[in-house]
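Protein chains get the first letters and strands the later ones, always in sequence-line order, with residue 1 at the start of each. Note that the coordinates shown come from a computational prediction; the quantities given were computed from them, not determined experimentally. Any value given below was found using the heavy atoms of this structure, including those in side chains, with hydrogens, waters and symmetry copies removed.
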Amino acid sequence: MRQLLARWLDGDVGYSFRTSPVAMLAAAIAIVCLFCAVFAGWVAPHNPFDLTTLELGDARRPPAWLAEGSRKYLLGTDDQGRDILSALMYGARISLVVGVVSVLLSMVIGVSLGLLAGFRGGWVDAFLMRLCDVMLSFPAILVALLIAGVGRALFPNAPNTVAFGVLILAITLAGWVQYARTVRGSTLVERSKEYVQAARVTGVAPLRIMLRHVLPNVLGPVLVLATIHIATAIITEATLSFLGVGVPPTSPSLGTLIQVGNNYLFSGEWWITVFPAVMLILIALSVNLLGDWLRDALNPRLR
Amino acid sequence: MLAFILRRMLQAVVVMVTVAFIAFLLFQYVGDPVVFLLGQDARPEQIRELRSALGLDQPFFVQFWHFLGNAVQGEFGLSLRQGAKVSRLIAERFPATLELALIAALLALLVGVPMGVYAALRRGSFGSQLFMTLSLLGVSLPTFLIGILLILVFSVTLGWFPSFGRGQTVQVGWWGTGLATRDGWHHIVLPSITLAIFQLTLIMRLVRAEMLEVLRTDYIKFARARGLSNRAIHFGHALKNTMVPVMTITGLQLGQLIAFAIITETVFQWPGMGLLFIQAVTFADIPVMACYLCLIALIFVAINLVVDLLYFVVDPRLRVAAAGGH
Amino acid sequence: MNPLLQVQDLVVEFPTRRGTLRALDRISFDIAPGEILGVVGESGAGKSLTGAAIIGLLEPPGRIASGQVLLEGERIDNLPFERMRHIRGRRIGAIFQDPLTSLNPLYTIGRQLEETIRAHLPVERAEARRRAIALLEETGIAAADERIDHYPHQFSGGMRQRVVIALALAAEPQLVVADEPTTALDVSIQAQIIQLLKRICRERGAAVMLITHDMGVIAETCDRVAVMYAGRLAEIGPVHEVIHQPAHPYTMGLMASIPDMEGERERLNQIDGAMPRLNAIPSGCAYNPRCPRAFERCTHERPELLNAGATRAACWLHDAHAEVPG
Amino acid sequence: MDSLPLPSGERAGVRGASLEAPLVQAIDLARTFDVSAPWLNRVLERKPRQLLHAVDGVSFAIEKGRTLGLVGESGCGKSTVARLLVGLYAPTRGSFRFDGQDAHAAFRSAEGRKLRRRIQMIFQDPYASLNPRWTVEDIVGEPLKEHGLVEGRAALRERVGELLSSVGLGLQDAAKYPHQFSGGQRQRISIARAIATHPDFLVCDEPTSALDVSVQAQVLNIMKDLQRRLGLTYLFISHNLAVVRHVSDDVGVMYLGRLVEVAPKQQLFARPQHPYTRMLLDAIPKMHDTGRARTPVQGEVPNPLNPPAGCAFHPRCPHAGARCKAERPALLELRGVRVACHAVEEARI
Amino acid sequence: QAVRIANQGDALSMDPHSLNESLQLDVLGNIYDALVLRDKDLSLMPGLATAWKQTSPTVWRFDLRKNVQFHDGTPFTADDVLFSMARTQADGSDMKSYTNDFKAVRKVDSHTVEIETNKPFPILPDMMSRVMIMSKKWCEDNQATRPVDRRKGIENAASFRANGTGPYRLRERQPGVRTTFVRNGNYWGKVEGNVQEVVFTPIGNDATRVAALLSGEIDVMEPVPLQDVDRVNASPNARALTGPELRTIFLGMDQKRDELLYSNIKGKNPFKDKRVRQAFYQAIDIEGIRKTVMRGASSPTGEMVGNGINGFQPDLNKRLPYDPEGAKKLLTEAGYPNGFEVTMNCPNDRYVNDSRICQAVAANLSRIGVKINLAAETKGTYFPKILRRDTSFYLLGWTPSTVDAHDPLNAIMSCVDDKGAGQFNLGAYCNPKVDELARKVQAETDKTKRNAMIHEAFKIHQDDIGHIPLHQQALAWGVSKRVELVQRPDNNISFKWIKVKSGA
Ligand SMILES: Nc1ncnc2c1ncn2[C@@H]1O[C@H](COP(=O)(O)OP(=O)(O)OP(=O)(O)O)[C@@H](O)[C@H]1O
Ligand SMILES: Nc1ncnc2c1ncn2[C@@H]1O[C@H](COP(=O)(O)OP(=O)(O)OP(=O)(O)O)[C@@H](O)[C@H]1O
Ligand SMILES: [Mg+2]
Ligand SMILES: [Mg+2]
């Protein structure tokens with residue numbers, strides 16, 4: 001492991017990482033956020049999802065350093081008496097799960113279909129690309145809205161898990177198209193390269209060529225897309241919460257927290273919305289910065 | 001050229017029918033309009049009656065077929081909730097959304113492109129780093145929060161701009177425009193900024209990336225070797241080549257703008273289609289939802305067509321290809 | 001005659017993370033008006049860099065670390081952009097390797113020609129166009145007045161390369177740097193291009209620096225040849241002597257490995273091994289590990305260009321003041 | 001079509017009597033590409049279907065252990081022939097017989113893998129023909145694994161090592177990536193990959209055109225050595241006539257999808273028959289008389305979509321007569337070589 | 001004087017018979033009059049009828065106001081009343097329920113009508129306060145003799161235009177955007193306010209609505225989100241007007257199914273056990289909810305109707321004490337010492353802070369070991385679902401549209417039948433005694449007897465813990481300081497009572 005890390009740090013990408021303070025800062029932020037999210041159960045001072053621990057009386061406490069703040073709640077509490085700090089950690093977990101899983105899923109779907117379209121060509125390609133057109137003409141937010149609605153109607157009473165599933169599905173369905181298009185484009189380019197033909201001359205089966213030869217070579221732009229997509233997925237989730245079809249309110253994501261807090265902006269309870277927003281910005285910022293850096297680092301011409 | 005347009009039209013029809021189909025399929029699940037239509041004391045047989053009267057008890061495909069048949073004639077029926085012709089409701093709302101989206105798109109382009117160019121030309125400078133980082137805020141903050149914050153600052157605290165609505169509109173034919181009056185412009189400022197921010201960021205980053213690519217190409221190097229001025233190189237050669245890929249994305253994004261207007265419209269009570277749609281979703285107003293989605297698909301297809309045609313204007317290589325050459 | 005271009009102790013470096021790479025190491029040569037200087041050498045020897053350094057278009061992070069470039073006795077390697085711009089195209093024209101990518105695909109060749117002419121000469125559009133047509137005709141493009149409004153993709157590879165040449169000559173430069181102008185082309189088109197270059201030289205008295213791999217082309221076209229190896233000049237001299245009585249062992253190897261049309265050989269002569277990477281240039285003469293005639297001095301002392309018969313070679317074999325081992 | 005199937009006894013390039021069939025035998029091979037505009041365009045713009053005859057009836061044979069060089073202008077169909085032979089394209093007409101069997105039928109059948117093992121190709125571009133994300137070991141080992149030629153990792157390494165050393169590289173290079181090599185080395189890696197399966201027949205599509213002369217010499221030498229050692233048969237495509245002259249036994253000259261002349265190399269270079277061949281030879285820059293101007297091939301390259309009637313070369317041919325404009329010359333055995341020219345046939349030149 | 005009013009919703013149609021929805025009827029109440037109107041304190045007062053009385057148990061007679069003109073100048077007569085009553089029964093009408101039990105509406109003379117009902121109908125005048133009178137001539141001239149019928153896909157002039165007898169005329173109508181009203185100079189009654197023009201705008205988003213009020217773009221808005229009440233009051237140019245609303249928020253439990261849906265208890269239904277219901281009741285910290293979730297703007301209640309409704313029983317308005325310990329004990333007694341798990345359905349955009357109330361309830365219940373899976377969703381999907389009775393535990397709010405206790409007795413507390421009784425009794429609470437009383441209440445015309453019966457029914461229901469009443473939510477209007485108006489507990493904003501201070 002350490003060796004691997006050392007090797008990586010020594011490689012081209014690693015070097016550009018070591019020499020880019022922005023990338024390192026972004027990575028540090030991302031790691032902290034990730035850590036808080038993954039280990040929320042241990043790190044967080046309270047469990048905001050455990051209804052038994054909520055004290056209505058403690059609702060809407062300002063952060064600890066303000067007049068009515070309490071040491072118990074460092075960043076204050078929301079309208080249900082949830083500790084904001086803990087909610088942030090747990091919320092980040094949900095947001096990250098929703099973001100990462102939906103991005104992974106879109107990536108898998110998009111990349112496979114894109115590969116297939118680019119590699120097979122012909123009617124498969126034509127069909128898949130029309131499918132993309134159809135998907136694109138349902139703008140992301142609409143797809144998500146409709147799917148979320150349908151999901152709710154189909155599984156009305158298994159709220160928590162299914163609601164997440166539906167949400168992820170919705171964001172996935174809206175997201176895969178980009179990957180498919182990108183991958184198809186690069187596949188078309190790669191397919192005509194001679195190393196692919198060499199493999200064909202050798203008698204390698206098309207599926208293997210697709211997976212072993214073409215796939216690794218088209219993944220570059222996909223990775224860059226994905227880093228940006230994670231941020232947009234998290235925000236889409238927040239937006240869906242705003243439209244009332246997000247995750248269940250008892251286990252709020254960052255988006256839900258922002259959306260709930262939104263209602264308290266005018267009444268001066270800014271911390272309910274500002275801290276989750278800052279957290280979201282940090283996550284999005286670090287992921288985006290990493291994506292930007294990765295794009296440049298992976299481009300040999302910029303080295 | 002004609003063949004190209006015809007082919008696109010055919011594709012458009014296929015896309016739209018599919019969109020309608022999927023939309024229709026989804027509607028089966030978004031809620032039951034009958035419950036909303038009948039008041040609190042409806043009896044079961046009343047519900048059944050209304051259901052059959054509205055044709056909701058027919059098999060799915062029959063319903064879809066009817067819908068298609070009517071939709072082709074531009075007939076989407078009456079809004080279940082408002083009792084007014086859907087086509088009319090949409091027509092009343094359409095100008096608002098389109099004006100908002102167009103202004104936002106213009107804003108995104110007019111600010112995003114120069115900023116992207118700047119960031120590319122001054123790669124690594126403090127200003128461009130600042131732009132790039134600040135712009136990330138645009139993609140990391142949910143639109144609704146940006147909207148509310150703008151309202152809080154510019155309407156409530158400073159009182160510079162109104163917080164809701166379109167203001168005074170002027171009727172030009174069937175088109176009610178808010179852009180003919182000062183009041184209308186005054187009202188569109190905050191919503192269009194809110195709507196534009198996300199796209200602006202995207203366009204700016206895209207332009208920067210593309211511009212950097214283009215600046216590395218041989219013809220730019222050759223243009224330098226020919227002793228052209230920087231202005232001619234950057235804005236004559238590089239920018240035009242940058243715009244080719246940027247156009248596609250911008251086209252797609254314009255479609256997204258119209259959809260994203262849902263949120264902006266909700267926040268600013270902008271009387272556009274998005275607001276209509278989101279209310280229709282809440283009340284399972286199927287005809288309105290269907291018409292809206294079809295319209296969105298139509299707009300999308302139209303934008304795509306326009307983008308493709310623009311390609312012809314910009315890129316001479318395609319002109320020949322479309323004329324049947326290779 | 002005074003030399004038109006003088007390159008003196010030119011050093012080009014690339015700062016990289018593993019230390020600074022010296023891509024050009026104290027290159028010196030000059031070109032007289034009307035002369036064609038061929039530059040040959042293994043791929044990566046630094047031929048293109050030399051050309052780029054002369055017209056001041058090194059790609060960052062590459063930079064001229066020391067040495068100077070003089071045009072008619074005036075130093076040009078440290079000029080600010082605006083002044084250098086007036087030299088590029090006007091006094092030094094450049095032709096790059098790939099005719100497919102050197103032209104901006106979005107503009108007609110007429111526009112690109114006119115633009116170049118007007119960037120340097122104070123003429124009206126109509127006049128510029130007239131001149132552009134004349135130039136195209138000069139380069140052998142039939143029906144030039146019609147084709148001037150065509151786009152690059154409408155030309156064949158050979159014609160495009162001719163357009164590139166026309167562009168480089170548009171402002172009647174004194175010196176043309178041609179970097180592999182024929183590599184991508186068929187033999188027959190290659191012949192046309194070479195004839196064109198030669199004619200220009202003869203008729204206008206312009207000097208040419210011709211970079212190529214093709215010894216046939218060198219033999220046919222050039223007055224003098226420079227042979228480069230690992231960023232250094234190995235040998236420079238009149239074309240006939242360099243080809244037939246090379247003085248530097250690398251040149252000898254190079255010339256011997258050309259398959260020729262007359263003789264009949266089972267095996268080609270080859271130079272074993274590969275050119276060193278820039279970060280591992282051996283001490284002394286860079287060629288010493290591959291040189292069959294290397295001796296002790298070659299491994300630690302770098303040879304300067306020394307007179308060797310009709311040519312000058314950087315090889316201790318020709319050090320008149322020292323004894324050469326058998 | 002007017003190109004002849006090979007007469008059984010006399011084959012181009014066959015010197016001396018050989019009783020068995022040649023290893024490689026192309027019989028009236030043709031490949032057409034449909035480059036028409038889409039259907040709707042054709043209907044609306046009343047355009048006909050457009051077919052591009054990239055290769056239009058090519059017949060030749062190569063004996064085991066020998067090399068046929070293929071030269072011709074850019075776009076005349078050389079690469080298409082190569083791709084037909086390795087099965088990247090299926091022929092529209094004609095057949096390719098390899099070691100007595102119909103290769104394209106075999107490619108499609110279960111036998112295909114065996115045949116693929118025996119026919120390999122070296123590609124033109126040393127940069128593009130190696131997967132940039134694979135190590136040299138993976139690249140060279142792939143055909144071995146694919147055809148199950150070695151068992152186990154250790155054996156694989158050993159075999160890869162042997163292959164690399166046979167092209168002048170070492171096992172220490174096996175863990176590197178292609179970008180860490182020079183062009184010549186990369187081309188050697190692709191040679192190692194091509195010979196990994198012990199093929200009988202190697203199709204080389206401009207294997208050295210991206211390399212400079214000194215590296216080119218290295219690569220050509222290795223190829224020759226291999227041929228001597230392993231008895232390889234080559235089809236060698238290039239537009240560098242000097243290189244072709246160096247490596248080939250026989251040379252075929254292509255023009256617009258057809259062979260116009262096939263001859264043993266001494267004969268071809270000493271006494272070119274077809275007017276195109278003559279012009280081609282004249283266009284070669286000669287190293288040894290510096291300053292001499294050469295004569296480029298006159299006229300513009302014809303459009304392959306709309307080739308001239310009769311002899312495709314007639315618009316550029318100084319000897320063209322009325323018959324050349326109307327009738328397509330067949331590839332005939334004339335003056336000891338095979339040539340497709342009315343003027344030669346009529347002994348006008 | 002002009003006043004700009006914003007509401008979170010819009011009147012969907014200008015047709016007073018097309019939709020039985022309170023906002024719609026309230027807005028249209030400014031244009032149209034009913035026979036009977038309600039005063040500031042919700043008491044009935046003469047409208048287009050000057051007097052009414054029961055001539056027999058099943059017949060009511062209304063004396064109509066003379067010299068009243070519609071906005072277009074046509075005089076108002078008994079024909080218009082007959083026409084309007086008939087119109088409420090036409091296809092597409094949503095007001096059928098108000099006139100379903102009519103046997104006949106008879107014209108006695110040009111300004112007297114008689115309504116005969118199938119059964120004795122003591123609260124008919126209350127009902128009549130919702131039925132607005134349209135002009136027969138105008139409807140005929142405009143092909144609007146029936147409300148718009150969505151099935152036919154044909155629009156109807158009455159949806160966009162209006163011709164009533166009310167204090168304001170409709171000037172401009174842009175659905176969902178803006179509706180403008182001007183004062184009717186020929187109004188038959190007295191208009192206390194001084195407003196000449198009213199611009200009514202829907203603003204759906206809470207924050208935007210508050211912002212619009214704070215920045216002075218609107219004068220009156222409804223509702224003010226509870227958390228913003230202080231902010232509004234702190235602003236120099238606006239204030240929040242709060243008061244109890246007639247709506248009662250309560251929880252319902254499935255008491256019918258033998259096995260509870262969406263729960264981990266199999267084979268039985270814990271809610272059938274009164275002890276469980278009581279445990280739930282007593283586990284809820286209603287004061288906590290009032291203080292934090294409702295920011296003090298709610299009145300906890302023990303009764304299913306609020307103060308102000310006909311039949312409200314002050315002595316029954318007492319809750320069981322908040323007692324988590326006792327609740328826990330009850331639960332143990334009922335056989336659930338470790339509680340159980342159940343899904344709670346909840347709207348998230350229908351009532352004031354609805355989903356937050358549910359969350360608080362869930363948190364409270366978790367203290368006695370009951371694990372609540374909260375399914376909060378938008379009203380669009382919520383109502384269809386719970387109306388299918390696809391729920392075990394839900395939250396609902398109820399305002400008796402007739403302002404009479406019979407309405408909830410019938411809709412919420414009666415056993416479910418297929419004639420509309422118990423239609424919103426989604427947990428199917430059933431006690432035949434309550435049914436019996438409800439039927440009697442409907443027919444009883446004697447005020448005191450009727451009140452006693454209501455008392456008895458309520459008491460039974462309360463003892464059964466048929467539902468768990470929570471609170472009456474508060475109205476909160478945001479009003480510019482230059483405006484004065486009357487806040488009626490049924491959330492009605494009547495333009496005629498709005499006064500704008502001059503000089504502002
Ligand atoms: N950006 C760069 N960073 C580091 N080294 C570079 C860079 N650009 C060029 N070089 C190095 O400079 C050397 C000279 O390159 P140059 O392009 O001049 O070679 P060349 O002689 O023109 O070769 P070719 O015949 O292949 O065109 C090469 O070894 C190359 O690796
Ligand atoms: N897949 C294809 N689709 C359509 N046309 C093709 C295809 N492949 C080749 N061609 C056409 O067939 C003709 C012959 O092409 P080919 O690549 O065989 O030429 P070549 O002799 O190898 O040329 P070069 O020397 O430039 O490599 C060309 O006109 C080319 O445009
Ligand atoms: Mg070069
Ligand atoms: Mg080829």
Practice task
Begin from the C-alpha positions of D:L70 and D:L259 and carry the test side-chain contact (heavy atoms from CB on, under 4.5 Å) through to its verdict.
Solution key: CA-CA 9 Å; D:L70 206 53; D:L259 274 173; 3.9 Å; yes
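Among residue pairs with one or both ends in residues 233-242 of chain C, none qualify as salt bridge (charged side-chain N to carboxylate O under 4.0 Å, His left out); sequence neighbours excluded. Here ring pair (Phe, Tyr, Trp, His ring centres under 6.0 Å) pairs that include residues 203-232 of chain C, with residues two or more places apart or in two chains, are C:Y229-C:Y250, C:Y229-C:Y287.
Contact annotation for C:D272: only backbone heavy atoms (N, CA, C, O) come within less than 4.5 Å of a heavy atom of chain D. Contacts of D:N240 with chain C are absent, with no heavy-atom separation under 4.5 Å from either backbone or side chain. The contact between D:V215 and chain C is made entirely by side chain atoms (from C-beta outward), counting heavy-atom distances below 4.5 Å.
Residues C:F29 and C:T50 meet the side-chain proximity criterion, which asks for heavy atoms closer than 4.5 Å.
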